Amino acid sequence: MGLFSIFKKADATPAPSDDDEAARLAANSETERQQQQARQREIARATAMKIDAIESAMTFDIFNEPEPAWGSQRAARPARPKAAAGPDTQALDDLPTTILLRDDDLPQQAVAAETAPVVEEIAILYANGQGAVAEQLLTASVAEAGGDRTVWWMLFDLYQVSGQRERFDNLSIDYASTFETSPPPWNAPAEPASASPGWAGLTPTEAFAGVLDPHIDAQLERLRQAAAASPVLRLEFSRVTAVEPAGCALLLDTLRKLQAQQRELILVGADALAALIRGGIAVGRRDDTEAPWLLLLELLQLLNREKEFEETGMDYCVTFEVSPPSFTAPHKVATATAQKVSVSPDRFMLPPLLEGQLGPLLGQIQHYADQYQTLVFDCSRLSRIDYACANQLHASLVQLDKKIEFRDVNHLVTALLRLLGFADIARIYPHNY
């Protein structure tokens, strides 16, 4: 049907067919979708410009020097250096976007690509509390992403941070179908409202290695003492190679006490430890002690794997002819990625939400920097940092002559940090998917 025939008198042309009408409605719908995305992008750009103006005045007040370290406006991102000439080298600007948010062994070898414009816009929107609009853009971008998983990972993180389990599961089905691989596991971080929001600082850490046997009692005692002064504790199990029933009993008792005290836990390698324990037990074989079974159930509960907990509970019931324990949702538990490189265990834990002004946090970071040559920021609890806070943090860190790392960063925050040039002063390790 010709374009101008639409405007002819009703008696001069026959009524459009159902197929023509459906095609017209589909075209209008697509046009409206494109216009909506364009408006959303304009909102993101306008938001960024407003924040630039506010941040510029704020920076001048905070860093009242003739030539501020961060500048009176958001500085243009410096050009990425080109790799040395050679047959196996590649300009950093030419790396694909998928490298941008991937955690490789060393960030200087893997993280160097410029951010795609849509990723930058989404990062700005999310950083400034416009999660619903960011979700709409991410949903549309996933459909157009092709083989690039960056926007998929950002959408997974958005669903986890906002507690949208059903949408996360639906996206997991699409992800598995698209990439023919297992989707990321559900591991929602503790909500900012219930995750010790005012606390930040050095995280007491105990790293268990080798055999989990009675000798871990000394480590568990240190952990219990640390719990008296710190609301957040980090337990690493990625280097455990074997377990003994006595060690299982000791660890089980400590984990239960920490949960009773409502301490917030960051677990590293808990899934690997659970698999190790599962390999040493058998359904129907009644061993001398139930400790390995009970520790396995405790770990599954801490990992919030209710279905697997219930299945293992039934196996436990069959084996020992007793009622299995009931599943209880874990209290303030998050997981983090096992380290691929050796870093100091003395990490500085960032809070779940950084918004408005950093305030006393800058003083705590400076105190941390006075004690350590390498600064490791643990972002496993960090759900969101807004644009202004990120700029303040960059302005503070750029003045330090230190090695800096950001660990276990969600992909939404990672995109913002890269947009603001953090990759020029620090190594950024997003959490693994």
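Owing to the predicted nature of the structure, the values given are computational and were not obtained by experimental measurement.
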> Considering residues at least two apart in sequence or located in another chain, which fulfil the ring pair (Phe, Tyr, Trp, His ring centres under 6.0 Å) criterion with F406?
Replying inline: F377, F422
>> Please determine whether side chain to side chain donor-acceptor pair (under 3.5 Å) holds for the pair S238 and E236, giving the CA-CA distance in whole Å, both sets of side-chain angles, and the decisive distance to 0.1 Å.
In response: CA-CA 6 Å; S238 54; E236 299 188 0; 5.1 Å; no
Between [atom1] of [X] and [atom2] of [Y], what distance do you get to the nearest 0.5 Å?
X	Y	atom1	atom2	value
L393	L362	CG	CG	7.0 Å
L265	L255	CG	CG	7.0 Å
H431	F156	NE2	CZ	11.0 Å
I122	L416	CD1	CG	12.5 Å
I428	L417	CD1	CG	5.0 Å
Q373	K402	CD	NZ	4.5 Å

Is the closest basic N to carboxylate O distance between [X] and [Y] below 4.0 Å?
X	Y	result
E120	R418	no
E206	R234	no
D287	R285	yes
R381	E264	yes

Closest approach of [X] to [Y] (non-hydrogen atoms, all atoms of both residues):
X	Y	value
D386	G356	OD2-N, 2.8 Å
P184	S172	O-OG, 4.3 Å
L300	T312	CD1-OG1, 3.5 Å
L258	A227	CD2-CB, 3.7 Å
C317	P324	CB-CD, 3.9 Å
A242	L276	N-CD2, 3.6 Å

Would you say the side-chain atoms of [X] pair up with the backbone N or O of [Y], donor to acceptor, closer than 3.5 Å?
X	Y	result
T241	G210	yes
S396	Q392	no
Y368	V376	yes
D253	A249	no
N410	S383	yes
Q164	Q160	no
D408	Y429	no
T319	D315	yes

Do the side chains of [Y] and [X] get nearer than 4.5 Å, heavy atoms only?
X	Y	result
Y175	S182	no
I385	E355	no
L295	I277	yes
V268	F237	no
Q259	R263	no
D213	V243	no
L354	L361	yes
L223	L235	yes

>> I'd like to know whether F179 forms a side-chain contact (heavy atoms from CB on, under 4.5 Å) with W152, so could you lay out the CA-CA distance, the side-chain angles of the two residues, the decisive distance to 0.1 Å, and finally the verdict.
In response: CA-CA 11 Å; F179 298 105; W152 289 82; 3.6 Å; yes
> Please walk me through it: do F208 and I216 pass side-chain contact (heavy atoms from CB on, under 4.5 Å)?
Replying inline: CA-CA 8 Å; F208 300 88; I216 66 170; 4.1 Å; yes
> Are M349 and S380 close enough, and set up right, to give a side-chain contact (heavy atoms from CB on, under 4.5 Å), and what steps lead you there?
Replying inline: CA-CA 8 Å; M349 176 75 71; S380 54; 4.2 Å; yes
>> Could you check, using the six-membered ring where one of them is a Trp, whether Y159 and W186 have ring centers closer than 6.0 angstrom?
In response: no
Donor-acceptor pair between [X] and [Y] side chains, under 3.5 angstrom:
X	Y	value
E166	N170	no
Y126	E135	no
T254	R224	yes

> R384 and D157: salt bridge (Lys or Arg N to Asp or Glu O under 4.0 Å), yes or no, with the steps?
Replying inline: CA-CA 11 Å; R384 182 169 68 87; D157 279 340; over 6 Å; no
> Got a sec: does the CD of Q371 have more than 12 other heavy atoms crowding it under 6.0 Å?
Replying inline: yes
>> Within the supplied structure, the quantity of interest is the number of heavy atoms (other residues, nucleotides, ligands) at a distance under 6.0 Å from R165 CZ; does it exceed 12?
In response: yes
>> Working note: L375 + K403, criterion side-chain contact (heavy atoms from CB on, under 4.5 Å); need CA distance, chi angles, decisive distance, verdict.
In response: CA-CA 6 Å; L375 310 184; K403 295 179 181 178; over 6 Å; no
> Would E321 and R286 satisfy salt bridge (Lys or Arg N to Asp or Glu O under 4.0 Å), going step by step from the backbone distance to the final call?
Replying inline: CA-CA 10 Å; E321 298 179 356; R286 184 176 298 187; 3.6 Å; yes
>> Does anything in residues 297-308 form a side-chain hydrogen bond (donor to acceptor under 3.5 Å, both in side chains)? List the pairs, not counting sequence neighbours.
In response: R278-E308
